[in-house]
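So you know, we letter chains A, B, ... as the sequences are listed, proteins then strands, and number each from 1. Heavy-atom basis, side chains included; hydrogens, waters and symmetry copies ignored.
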Amino acid sequence: MRLSRYFMPTLREAPSDAQIVSHQLMLRAGLIRQEAAGIYAWLPIGLKVLRKIEQIVREEMNRAGAVEVLMPTLQLADLWRESGRYDDYGEEMLRIKDRHERDLLYGPTAEEVITDIFRAYIKSYKDLPKNLYNIQWKFRDERRPRFGVMRGREFLMKDAYSFDVDEAAARRAYNRMFLAYLNVYARLGLKAIPVRADTGPIGGDLSHEFIILADTGESQVFAHKDLVEMGAPGPDIDWDGDLQPLVDQRTRLYAASDEMHDQARFEAEATPDERMTARGIEVGHIFYFGEKYSRPMGAKVAMPDGTERFVQMGSYGVGVSRLVGAIIEASHDEAGIIWPDSVAPFGAAVVNLRVGEAAVDQVAEQAYQALTAAGLDPLLDDRDERPGAKFASLDLVGVPWQLIVGPKGVAEGVVEIKRRATGERQSLPLEAALKAITG
RNA sequence: CGGGGCGUAGCGCAGCCUGGUAGCGCAUCUGCUUUGGGAGCAGAGGGUCGCAGGUUCAAAUCCUGCCGCCCCGACCA
């Protein structure tokens, strides 16, 4: 992409509405534009990042055996009346009427719709297990939206729903999502901690929130240090095998958010050195809820003995748009955003320091073509700007590599490469520079 | 929903108390000079002062109502 033809509106100063760093940087780097409280337009850079995160989530869901669908943003109130939630949900639900005076709502979640789809087609235990997910915009009319996309009213969520024949099978489904989530966060360059979450009226121990560590996070988290460094299981585990040991390994160590925290237990289960208290951002929540929806909505399957049984369900949510903010909270410096390579809007930027000087233009163009051919989706900064302005805006936007082409270097037969994350620079001949970037 | 704050040019702000020509920085446009970390000089454009009503000879400024946005709390992906 040639920056002179692109749309990347950056700001030198953050709008005063933005209070936390991720929100400020998203506005300054031109990722989003606020249209109303908690409602944002996604500008090109922001959209690219959002799509990359979405794709990573998608790949890991697919790997773990989930199947993608796409459910509508608008849902029928009647479905929610079946589950009993239409009246319970309250002011957070955005309710609408169509021209026939029929009650609709903008979906805050999709248990009802997915259960409706499931019950229409799945009638036998032989068709289980199933896990269906979608990545779709949700709307919750929050009392107080805040912190940019971290708590928006309209937000992009991946929500998966598992259907199983009994609780043991449901636990296996739960375990797959538990581990898949850890893989997602690892690919996003985040350290995520699974913490016990409130299971509400269902009880049991099958609900976890995934918290990533960031000083500006909304929740307090108390955890055993080893859990933070334990890392993700990786993609190559046997998804159809027994995942319980891998889950146990990560759930037996103490971890709780403030509402579930038990200080006495914390002290009993971890030595002072092992105890870690930090701020965090919730970026996922998984939940087993049994027959909560299948029973009222009549989602049941025939068993081998001919009897019918309500399916056991779980739901698994990832805040995709929130992750954009969360990654920035976890990874930035004074100059701007530091994207992990996996979600960076561009793989590299070619910085032409002297647009219009033929020798420089030629090398920049050559670098741009080579990086394009290597699949890095580079940005060519061909704006008629001074070097400082270019460096500042590329640092702000957080492109992982800068390949800097200036008249001095060209005269000496070298270019400079700079790694955004470390600030490390190197002067190299073009071929070597390209090799360093493309690996 | 309780408490607090703020709405003046694209962004950041001053002006309001004490009513009288709407300002500053950045950004934008033109020209010249510059060109390895947000340049300099000269010039230019851009504002229903959130909206409505009221007071007044006169309202960004005072009064009333409404709307919007942000923060804290409670609540929540």
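Applying the side-chain hydrogen bond (donor to acceptor under 3.5 Å, both in side chains) test to pairs two or more places apart or on separate chains, those with a residue in residues 337-346 of chain A are Asp341(A)-Arg419(A).
Residue-level contact check: Asp395(A) touches the bases, meaning some heavy atom is under 4.0 Å from a base atom. Looking at heavy-atom distances under 4.0 Å, Gly317(A) makes no contact with the nucleic acid at all. When heavy atoms are screened at a 4.0 angstrom cut-off, Arg33(A) is found touching no nucleic acid atom at all.
The minimum heavy-atom distance linking Ile211(A) with Ser219(A) is given by the pair CD1-OG, 4.0 Å.
A close approach under 4.0 Å does occur between a side-chain nitrogen or oxygen of Arg386(A) and OP1 or OP2 of A39(B).
Not one N or O on the side chain of Lys191(A) forms a donor-acceptor pair closer than 3.5 Å with the backbone of Leu213(A).
Atoms CE (Met8(A)) and C1' (G38(B)) sit 13 Å apart, rounded to a whole Å. One interatomic measurement links the two molecules: CD of Gln402(A) to C1' of G38(B), which rounds to 13 Å at whole-angstrom precision. Whole-Å rounding puts the Glu385(A) CD to G40(B) P distance at 13 Å. Rounded to an integer number of Å, the gap from CG of Asp384(A) to C1' of A39(B) is 13 Å.
Scanning atom types as modelled, one donor and one acceptor separated by under 3.5 angstrom connect the side chain of Glu13(A) and the base of G25(B). The base of G37(B) is not paired with the side chain of Arg12(A) by any donor and acceptor separated by under 3.5 Å.
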Which nucleotides of nucleotides 69-77 of chain B have their base under 4.0 Å from a protein heavy atom (B), which only their sugar-phosphate (S), and which neither (-), written as one string 5' to 3'?
-> SSBBBBBBB

Listed pairs under 3.5 Å, donor-acceptor, residues 421-430 of chain A side chains, sequence neighbours left out:
residue   : atom : partner   : partner atom : Å
Thr422(A) : OG1  : Glu424(A) : N            : 3.1
Arg425(A) : NH1  : Glu416(A) : OE1          : 3.4

